Amino acid sequence: MPHDPDLPPAKKFKPGSVFFRLDKNKPGMLLPRKGNATTPVDVQRKQMNHFYCPHLYLNYALTRPVLCHTLGETGSGKTTQIPQYLYEAGIGRQGIIAITQPRRVAAISLAGRVAEEKRSQLGKLVGYTVRFEDATSPETKLKFMTDGMLLREAIGDPLLLRYTVVVLDEAHERTVHTDVLFGVVKTAQRRRKELNKIPLKVIVMSATMDVDLFSEYFNKSPVLYLEGRQHPIQIYYTKQPQSDYLQAALVTIFQIHQEAPPSHDILVFMTGQEEIEALARTCRDIAKHLPDSCGSMVVIPMYASLPPVQQLRVFQPAPKGCRKVIVSTNIAETSVTISGIKYVIDTGMVKAKRFNPDSGLEVLAVQRVSKAQAWQRAGRAGREDSGSCYRLYTEQEFDGLIPMTVPEIQRCNLAGVMLQLMALGIPDVMNFDFMSKPSPEAVRSAVEHLELLGAVERKEGHVSLTALGKKMASFPLEPRYAKTILLSPDYSCSEEILSIVSLLSVDTVLYNPPARREEVLTARKKFTSSEGDFMTLLNIYRAFKKVGGNKEWCRENFVNSRNMGLVKEVQAQLRDICLKMKLKLESCGADTGNVRLCLAHGMFINAAELQPDGSYLALDTHQPVAIHPSSVLFQAKPAYVVFNELLHTSRCYMRDLCLVDADWLLDAAPEYFGRKLRATKS
DNA sequence: GAGCACTGC
């Protein structure tokens with residue numbers, strides 16, 4: 001509860017600074033890098049104008065191998081303009097201009113806009129490439145793509161020779177893919193120079209002012225600062241620290257509701273689905289009992305797992321005289337832009353993944369946001385006009401936040417990244433030139449993981465890719481899934497394994513509305529296999545295919561048809577890769593023992609053993625684990641299982657299990673399990 | 001007997 005519950009809510013806040021995206025007194029400047037700040041302001045201004053004049057911009061950009069930008073307005077003009085400038089300068093004649101985006105929708109919509117501006121049919125001069133969709137042709141010179149897609153292309157062409165320019169957009173988001181691409185383009189640029197190839201030009205675009213890190217990494221490349229057109233935002237902090245941010249959010253929502261004109265919408269940042277639904281319910285309840293003078297309110301939850309139709313509600317304007325209150329996860333920070341927001345309420349909390357390299361465990365935990373994230377949230381209030389941001393924490397607490405969100409590459413399992421780097425032919429992956437280095441433990445643990453899978457081998461301290469590892473890298477999958485697929489022809493069950501891996505590599509296909517629990521259980525019973533969740537999922541997928549992907553069937557059987565559609569696409573893609581490798585594709589029919597045998601051999605690192613006291617131990621780390629209550633094996637006590645993933649919540653749960661024999665595990669990795677099983681028994 | 005931020009190949 002707030003410390004001073006008797007004060008009216010507004011009195012609990014004190015104003016902070018008025019925030020501009022960039023300093024108003026220094027309109028857009030072209031600054032040399034730090035330490036050389038002697039350029040007179042009028043010269044800076046003049047140079048700034050270069051940016052709005054293609055010729056002058058190009059003069060500047062084309063004479064430098066790497067250029068780092070800040071962009072005033074996110075997702076606006078510049079991302080569509082700059083590639084066109086470069087193309088018109090003739091740089092596209094020798095190769096393609098690639099513009100990478102962290103998200104598919106952004107790549108697709110930007111390509112559409114640029115094609116329109118060039119009055120060209122999409123897929124001709126201007127195109128895009130994202131997973132499952134390629135709208136390019138031999139004529140394509142401006143190619144918008146996801147960062148992951150360019151990375152995948154780099155495996156076949158590490159010097160990126162098809163491209164003359166790579167524009168890395170939204171670089172401040174620091175996705176794993178962008179971070180690896182930084183190293184890839186830097187290496188490609190150097191190698192192409194050494195080999196006397198056509199030079200590769202790199203342009204890094206970031207929405208934040210913190211581009212020093214980028215500039216530093218690319219050998220102190222020049223930085224172009226641009227003025228933003230962000231409207232001023234008044235920041236408020238609480239006077240006292242709040243122990244209950246839910247309560248504080250509620251109080252703040254209704255304070256604003258009572259005082260502000262009804263056309264001013266509110267966006268509240270919370271951490272997760274459950275919290276959001278609870279707050280939305282409470283708001284609606286309270287709103288019902290407010291005096292008529294207060295005006296009405298429509299409360300809309302927003303999070304990624306919401307069905308698409310309900311997500312669209314955030315874009316619909318509220319009825320006249322009614323206030324729109326959107327309660328959202330951080331999806332509204334970057335992925336979804338909502339217009340008309342006048343007030344942002346920032347709880348200062350976020351749910352994010354953390355990685356522990358010792359246990360190999362990823363944990364989803366509620367934690368404090370970074371300063372950059374808090375500014376990003378605040379900025380959502382000033383897109384069309386000035387706005388306000390209520391931070392439900394004190395200014396001192398804000399000062400104590402970390403400046404930038406820790407890049408994803410320092411918070412995730414690196415096995416897939418390391419495999420990809422080796423497939424790119426990077427000579428010394430252990431010392432790869434990351435912009436932000438992951439911890440040595442994380443790198444070591446990833447390489448050990450790959451070694452266990454037989455993807456890499458160590459000779460005199462040097463790590464290299466095996467033939468198996470090279471094949472594994474061709475799959476857009478986690479290494480252990482790729483390995484399982486590659487093993488499957490030995491067990492004559494590649495079709496089944498392709499289905500299971502596809503099912504495991506998308507969000508769950510099971511739809512579990514809590515209110516219809518009994519119905520769900522009944523519907524699911526006919527697919528349940530005593531061999532575990534993998535087999536149960538396979539049964540569901542087989543039944544789904546039998547009825548031809550019928551949506552009605554999905555509804556009746558509580559199956560998420562959107563995710564099921566995705567499974568089909570993934571499976572088709574994986575099958576294509578197998579065919580190119582000339583892998584034998586066959587079905588084992590009813591003999592599912594082979595499927596489990598194959599899974600045991602591919603997933604042996606994720607194995608657990610029943611203990612005499614009825615609990616389980618994970619065999620690789622000897623960590624106590626439990627069967628998740630959602631598993632079909634929850635009430636069974638199988639002696640040995642392999643699991644898809646560990647979920648660390650109230651306990652450490654294994655999710656998605658498969659019954660296996662101890663002999664199979666020993667057979668899969670005799671030395672490893674000889675060691676592990678002994679250790680367990682002692 | 002629990003409960004999953006967000007992307008992406």
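Per chain, numbering begins at 1; letters A, B, ... match sequence-line order. Not measured: the values here are computed from a predicted model.
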A.B. asks: Would you mind reporting whether A/P638 and A/L633 have side-chain heavy atoms less than 4.5 Å apart?
C.D. replies: yes
A.B. asks: Could you give the CD-to-C1' distance, from A/E408 to B/dT7, as a whole number of Å?
C.D. replies: 7 Å
A.B. asks: Tell me which nucleotide among B/dC4, B/dA2, B/dT7 gets nearest to the side chain of A/R655.
C.D. replies: B/dC4
A.B. asks: Using atom CG of A/L419 as one end and atom C1' of B/dG8 as the other, report the distance to the nearest whole Å.
C.D. replies: 16 Å
A.B. asks: Over all strands shown, is A/Q273 touching base, sugar-phosphate only, or nothing at heavy-atom distances under 4.0 angstrom?
C.D. replies: sugar-phosphate
A.B. asks: Expressed as a whole number of angstroms, how long is the span from A/R131:CZ to B/dC9:P?
C.D. replies: 7 Å
A.B. asks: Quick one: which of B/dT7, B/dA5, B/dG1 gets closest to the side chain of A/R517?
C.D. replies: B/dG1
A.B. asks: Please report the distance, rounded to the nearest Å, between CG in A/N413 and P in B/dC9.
C.D. replies: 19 Å
A.B. asks: Hey, is A/E408 close enough to A/R174 for a salt bridge, meaning N to O under 4.0 Å?
C.D. replies: no
A.B. asks: If you compare every side-chain N and O of A/R104 against the phosphate oxygens of B/dC9 (OP1, OP2), does one of them come in below 4.0 Å?
C.D. replies: yes
A.B. asks: Reckon A/F475 touches a base, only the sugar-phosphate, or nothing at all at heavy-atom distances under 4.0 Å?
C.D. replies: nothing
A.B. asks: Test the A/R380-A/W375 pair against the cation-pi criterion, namely NZ or CZ under 6.0 angstrom from the six-membered ring centroid and within 45° of the ring axis.
C.D. replies: no
A.B. asks: Respond yes when some side-chain nitrogen or oxygen of A/T508 is under 4.0 Å from OP1 or OP2 of B/dC4, and no when none is.
C.D. replies: no
A.B. asks: Going by an N to O cut-off under 4.0 Å, is there a salt bridge joining A/R104 and A/E133?
C.D. replies: yes
A.B. asks: Can you tell me how far P of B/dA5 sits from CZ of A/R411, to the nearest Å?
C.D. replies: 15 Å
A.B. asks: Taking only the side-chain nitrogens and oxygens of A/T146, find out if one of them lies under 4.0 Å from OP1 or OP2 of B/dG8.
C.D. replies: no
A.B. asks: Expressed as a whole number of angstroms, how long is the span from A/N563:CG to B/dG8:P?
C.D. replies: 13 Å
A.B. asks: Just how far, in rounded Å, is C1' of B/dC4 from CG of A/L647?
C.D. replies: 7 Å
A.B. asks: Report yes or no: is the cationic atom of A/R391 (NZ for Lys, CZ for Arg) under 6.0 Å from the centre of the six-membered ring of A/F398, at an angle within 45° of the ring normal?
C.D. replies: yes
A.B. asks: Just how far, in rounded Å, is C1' of B/dA5 from CZ of A/R368?
C.D. replies: 18 Å
